[in-house]
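Structure first, then comments.
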Amino acid sequence: MSTPLAPPATIAFVGLGMMGKPMATRLVAAGYKLRIYDLSQQAMSEFVGANPSVLATASPRAAAEGADAVVCMLPDGKIVRAAVLDGADPVAAGLAADAPLIDMSSSAPTGTVALGKALAARGFAMIDAPVSGGVRRAIDGSLAIMAGGDPVIVDRARPLLLAMGKTVFQAGPLGAGHAVKALNNYLSASSLVTMCEALIVGEKFGLDQELMADVFNASSGMSNSTQVKAKPFVIPRNYAGGFSMALMAKDLRTASDLAREVGAEAHTLKDMADIWQRAYEKLGREADHTAIHKILLGE
Ligand code: NAD
């Protein structure tokens, strides 16, 4: 039960999108055996093409069969719950009793607590372990990982998590990782909005945008947005940050719901959630989150 999830353990990996693909690639490189599942046949074919030792499966249940743990990297907690428990051929129908579910998606904490209870009633363990750092840090394995749940299971999963990330925080009980992740993305989304506004105002005054980014990065206005998003994605207006606006709007809703649930008056959070929801409704599913710049330009 307490054997560490170290290579060559077999891991079921569900969700091979922008983040899941590089994270699963790190697991293969570390020596884990992978059984994968994604709704997209193309995502699975591409992954197996690049990693021929990996087994593509036909359902979450088939992926979970014979696995020592299941990792989900799916868009949100509702999709995780369907893949794990409520949907067709779910993970829970194929899972061994001592194989934990590790939800690395950015899911809503209250849904995570409910899913954990439902799984515990069937004898399964679950931890949440969402990540921060984006595609770049998923590729180089330096993600920040914030885990929630039984510390014994988190410790068991630590070798697996450290194959994908550099830092693993034990954030608290189940759902704590998802709560702090949503709050982190509130800060990230806010700094992107304020940076875009600063660039827009400065440019109208006649300032050079690259120079502004250099000044911010050497000054107290520095943030992840000024450091890794201004010059690569916002100023050249390619809007290719690798994280969708739909997912950022979802994270802001999660953080705003959390504030409401705990009775906190977080006015700026509510405003920020509204800004991102409107931007998502205007630009649609395909838009990258850095395209918030377009909205703030009034385009
Ligand atoms: P994505 O949309 O690129 O990938 C999601 C993958 O899940 C896709 O391949 C899709 O086909 C698959 N999928 C959807 N529904 C499914 C189902 N029912 N069964 C199986 N597969 C299904 O998303 P992403 O950017 O990889 O993000 C994944 C999670 O990580 C999200 O919760 C997101 O908020 C979070 N996250 C993303 C980033 C980022 O920079 N992209 C950073 C940190 C956290």
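Every number for a ligand or one of its atoms is a count from 1 in the order of the listing. Computed from a predicted structure; not experimentally measured.
- Looking at Met19 next to ligand 1, an N or O pair under 3.5 Å apart turns up.
- Closest protein heavy atom to atom 21 (N) of ligand 1: Leu39 N, 3.2 Å.
- Contact analysis puts Gly242 in contact with ligand 1, with a non-hydrogen atom separation below 4.0 angstrom.
- The protein atom (non-hydrogen) at minimum distance from atom 4 (O) of ligand 1 is Gly17 CA, 3.2 Å.
- Closest non-hydrogen pair, Ile102 versus Ala129, comes out as CG2-CB, 4.0 Å.
- What you find for Ala63 and Tyr37 is that their closest heavy atoms are CB-CB, 4.0 Å.
- Proximity of Leu247 to ligand 1, defined as any heavy-atom pair under 4.0 Å, is confined to the side chain (atoms from C-beta onward).
- Checking only distances, Phe243 never comes within under 3.5 Å of ligand 1, N or O to N or O.
- Here is the list of ligand 1 atoms found below 4.0 Å of a heavy atom in Gly134: 40 (O).
- When all heavy atoms of Leu258 and Pro109 are compared, the closest pair comes out as CD1-CG, 4.1 Å.
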Check your understanding: Would Asp274 and Lys270 count as a salt bridge (charged side-chain N to carboxylate O under 4.0 Å, His left out) if you check the C-alpha gap in whole Å, the side-chain angles of each, and the deciding distance to 0.1 Å?
Key -> CA-CA 6 Å; Asp274 290 344; Lys270 190 175 176 309; 3.5 Å; yes
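- Not a single N or O atom of Val14, backbone or side chain, sits closer than 3.5 Å to an N or O atom of ligand 1.
- We find the CG-CG distance between Leu160 and Leu5 to be 6.0 Å, quoted to the nearest 0.5 Å.
- Nearest heavy atom pair, residue Met19 against residue Val131, reads CE-CG2, 3.7 Å.
- Between Ala138 and Pro22, the shortest heavy-atom contact is CB-CG, 3.8 Å.
- Closest heavy-atom contact between Asp98 and Pro100: O-CD, 3.4 Å.
- Residue, atom and distance of the protein heavy atom nearest to atom 28 (C) of ligand 1 are Leu74 O, 3.8 Å.
- Annotation: side-chain contact (heavy atoms from CB on, under 4.5 Å) contacts of Ala249 (sequence neighbours excluded): Arg253, Trp276, Gln277, Tyr280.
- For ligand 1, the atoms lying closer than 4.0 Å to a non-hydrogen atom of Tyr37 are 19 (N), 20 (C).
- For the pair Lys181 and ligand 1, the shortest N or O to N or O distance does not fall below 3.5 Å.
- Looking at Arg81, Met73, Lys250, it is Met73 that brings a heavy atom closest to atom 30 (O) of ligand 1.
- In terms of N/O distances under 3.5 Å, ligand 1 is not approached by Val131.
- The CD1 atom of Ile292 lies 11.5 Å from the NZ atom of Lys294; values are rounded to the nearest 0.5 Å.
- Annotation: Ser105 places no N or O atom under 3.5 Å from an N or O atom of ligand 1; distance criterion only.
- For atom 3 (O) of ligand 1, the closest non-hydrogen atom of the protein is Met18 N, 2.9 Å.
- The existence of a salt bridge linking Lys166 and Asp140 is excluded, since no basic side-chain nitrogen approaches an acidic carboxylate oxygen closer than 4.0 Å.
- In terms of polar-atom proximity, Pro75 is counted as a contact of ligand 1, with an N or O under 3.5 Å from an N or O of the ligand.
- At least one N or O atom of Asp38, backbone or side chain, sits closer than 3.5 Å to an N or O atom of ligand 1.
- At a heavy-atom cutoff of 4.0 Å, ligand 1 is contacted by the side chain of Ile79 but not by its backbone.
- Contacts between Ser106 and ligand 1 below 4.0 angstrom, taking non-hydrogen atoms only, involve backbone and side chain alike.
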